[in-house]
Amino acid sequence: LRAAVDGTAHVQIDGRIKHLAAPLFVDVKASMRGAGKSTLSPYTIKYTGYGIERGRLTLETAYRVEGRKLAAHHRVFLDQLTFSADRVDGPAVLRLPILFAVRLLQNRNGEIDLTLPVSGTLDDPKFRLGPIIWQVVVNLLTKIVTSPFTALAAAFGPGAGLGYVEFAPGSAVRGGE
């Protein structure tokens with residue numbers, strides 16, 4: 001199956017399913033490349049309270065089930081994800097530090113590249129979060145080493161004011177004269 005979403009995102013699904021045969025067999029791969037703000041913003045507003053100003057999403061998934069044994073792979077790549085400054089409240093909006101999490105996950109090029117493998121059985125799937133946590137640590141250390149004041153400003157949110165220092169204009173008169 002191949003399609004386009006909103007004329008920008010390319011979607012492809014390939015695979016085989018033997019649902020009537022015993023044991024169950026599923027081998028499916030799906031991808032969506034280049035989804036933009038018009039595709040994603042309604043969902044981000046509903047669940048995070050923020051619309052998307054810019055950015056592109058690439059999503060790749062692969063599932064293989066043989067009998068009850070599961071092997072899955074998920075990759076999420078967000079390029080230049082930028083949320084709007086205005087927050088909208090709603091019943092489904094999650095009370096999580098979304099903007100802070102995005103800043104932690106972004107590398108110095110403004111990209112978020114997450115891989116989440118899942119394995120085990122359908123009754124007891126196992127998620128490995130270690131690679132994601134390691135990516136956050138590496139991104140954070142890279143930001144601190146390459147531009148410490150920008151990293152410090154990002155920790156306090158937009159408009160923290162550490163990019164410049166305001167001071168009163170000077171004068172040619174020495175103090176006390």
Count I, L, V, M, F, W, Y as connected when their side-chain heavy atoms are under 4.5 Å apart, and connections chain through other members. Are [X] and [Y] then in the same cluster?
X    : Y   : value
Y47  : V88 : no
L81  : F77 : no
V11  : L78 : yes
L114 : Y43 : no
L96  : F83 : yes

If only atom types and distance count, is the side chain of [X] paired as donor or acceptor with the main-chain N or O of [Y] below 3.5 Å?
X    : Y    : answer
N107 : N109 : yes
T39  : A35  : no
R68  : L122 : no

Quick one: [atom1] on [X] to [atom2] on [Y], what's the gap to the nearest 0.5 Å?
X    : Y    : atom1 : atom2 : result
K37  : S84  : NZ    : OG    : 9.5 Å
R103 : L105 : CZ    : CG    : 11.5 Å
E66  : L24  : CD    : CG    : 10.0 Å

Distance-minimising heavy-atom pair for G67 and P23:
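Answer, listing the atom of G67 first, then P23: CA-CB, 3.6 Å.
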Could you report the tightest heavy-atom contact between Y50 and A85, atom names first, then the distance?
CE2-O, 4.2 Å
Identified side-chain hydrogen bond (donor to acceptor under 3.5 Å, both in side chains) partner of E60 from the options H73, K29, R33, H74
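The option that passes is R33.
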Please examine the side chains of [Y] and [X], heavy atoms only from C-beta on, and report whether any two atoms are closer than 4.5 Å.
X   : Y    : answer
L99 : V102 : no
V28 : I13  : yes
R87 : V93  : yes
V65 : K69  : no
R16 : V26  : no

Can I52 and T82 be said to form a side-chain contact (heavy atoms from CB on, under 4.5 Å), step by step?
CA-CA 6 Å; I52 295 178; T82 307; over 6 Å; no
Residue among V76, I112, D79 satisfying side chain to side chain contact (heavy atoms under 4.5 Å, CB included) with L57
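It is V76; the other options fail the test.
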Quick one: do D27 and R64 make a salt bridge, cutoff under 4.0 Å?
yes
Is it true that D89 and R95 make a salt bridge, defined as a side-chain N closer than 4.0 Å to a carboxylate O?
yes
